[in-house]
A.B. asks: 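Here it is, the structure, as C-alpha cells.
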Amino acid sequence: MTRNFYQRVYALVKKIPTGKVATYGQIAALAGSPRGARMVGWALHVLPEPETKKVPWQRVINRKGIISTTCSDHPKDLQKMILESEGVEVKTKEDLFWIDLDKYQWKT
DNA sequence: CTTATGACTTTCA
DNA sequence: CTGAAAGCCATAA
C-alpha cells in the first residue's frame, strides 16, 4: 500500500526533534525511497487535517535548506514563525527562507 | 490506459 | 564552479 509510505513519512517527520529540520531526500531515504523526495512533499501536501497538527511539516524542507512551498495553504511565513518559535534560525532570502542545514539538519 | 504536473534530488555538460 | 536536463514515485485529468 502506498499509504504505508505516507505513514512512514509522517512518522519520520514526527520523530524530528524540536529545533531541527530535515530534507525531503532524507525523509524519503528513511522511508525507503531514496528518490521519493517528491512523494514526501506530496505526502505533506495531502497531509490529513488531524495529521497537519501532529506532523511538523514545517521542519521538512528541500536539499538547499530553503522552503519551496508554493501552496497558499502552507504560507512560508507560517513556517518561519513556527521554526523560529521552535528555536530554528531562519534567514530571510528575498521572498524565500533559508535555514542552516549544517546546524539545524536532523542527524540520525 | 496515456499524458501532465509536483512542498525534490542527482548527475552531466 | 555554474547551469541545464533527466530521473523517480504518485496523483490528477
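Please read these numbers as outputs of a predicted model, since none were measured by experiment. Within every chain, numbering begins at 1; the chains are lettered A, B, ... in the order of the sequence lines, protein sequences first and strands thereafter.
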A.B. asks: Find the distance A:Tyr24:OH to B:dT10:C1' and express it as a whole number of Å.
C.D. replies: 17 Å
A.B. asks: With nearest nucleotides of DNA chain B determined for A:Thr70 and A:Arg35 from heavy-atom distances, which residue corresponds to the more 5′ nucleotide?
C.D. replies: A:Thr70
A.B. asks: Please list, in numerical order, the residues of residues 40-48 of chain A that have a heavy atom closer than 4.0 Å to any atom of DNA chain B.
C.D. replies: A:Gly41, A:Trp42, A:Leu44, A:His45
A.B. asks: A:Leu12 has an atom CG; how far is it from atom P of B:dA7, in whole Å?
C.D. replies: 21 Å
A.B. asks: Just by modelled atom types, is the A:Ala43 backbone N or O under 3.5 Å from a matching donor or acceptor in the A:Tyr10 side chain?
C.D. replies: yes
A.B. asks: Where the side chain of A:Glu51 meets the backbone of A:Gln7, is there a donor-acceptor pair that is under 3.5 Å apart?
C.D. replies: no
A.B. asks: State whether the number of non-hydrogen atoms from other residues, nucleotides or ligands found under 6.0 Å of A:His45 atom NE2 is greater than 12.
C.D. replies: no
A.B. asks: For the side chain of A:His74, counting heavy atoms from C-beta on, which of B:dA7, B:dC8, B:dT10 is nearest?
C.D. replies: B:dA7
A.B. asks: Heavy atoms under 4.0 Å, any strand shown: does A:Ser33 hit a base, just sugar-phosphate, or nothing?
C.D. replies: nothing
A.B. asks: Check whether A:Arg59 reaches the backbone of A:Ile16 with its side chain - one donor and one acceptor, N or O, closer than 3.5 Å.
C.D. replies: yes
A.B. asks: Rounded to whole Å, please give me the gap between CD1 in A:Ile27 and C1' in B:dT9.
C.D. replies: 14 Å
A.B. asks: Once you apply a heavy-atom cut-off of 4.0 Å, does A:Arg63 come out as touching a base, just sugar-phosphate, or nothing?
C.D. replies: sugar-phosphate
A.B. asks: How long is the line joining OH of A:Tyr10 and P of B:dA7, in whole Å?
C.D. replies: 15 Å
A.B. asks: Give me the distance, rounded to whole Å, that separates B:dA7 from C:dA4 when you measure between the C1' atoms they each carry.
C.D. replies: 22 Å
A.B. asks: Using a 4.0 Å heavy-atom cut-off, does A:Gln58 contact any base of the nucleic acid, only the sugar-phosphate backbone, or nothing at all?
C.D. replies: nothing
A.B. asks: Measure the CD1-CG distance between A:Ile27 and A:Leu12 for me, rounded to the nearest 0.5 Å.
C.D. replies: 5.0 Å
A.B. asks: Determine yes or no for a side-chain-to-main-chain donor-acceptor pair under 3.5 angstrom, with A:Asn62 supplying the side chain and A:Ile66 the backbone.
C.D. replies: yes
A.B. asks: Sequence neighbours left out, what passes side-chain hydrogen bond (donor to acceptor under 3.5 Å, both in side chains) with A:Thr92? Give chain and number order.
C.D. replies: none
A.B. asks: A quick test of your reading: do over 12 heavy atoms of other residues, nucleotides or ligands sit less than 6.0 Å from NZ of A:Lys64?
C.D. replies: no
A.B. asks: Under a criterion of less than 4.0 angstrom to any heavy atom of chain A, what are the 5'-terminal and 3'-terminal contacting nucleotides of DNA chain C?
C.D. replies: C:dG7 to C:dT11
A.B. asks: Among the candidates B:dC8, B:dT10, B:dG6, find the nucleotide nearest to the side-chain atoms of A:Met39.
C.D. replies: B:dG6
A.B. asks: With nearest nucleotides of DNA chain C determined for A:Arg38 and A:Tyr6 from heavy-atom distances, which residue corresponds to the more 5′ nucleotide?
C.D. replies: A:Arg38
A.B. asks: For A:Lys107, I'd like to know if atom NZ has over 12 heavy atoms of other residues, nucleotides or ligands within 6.0 Å.
C.D. replies: yes
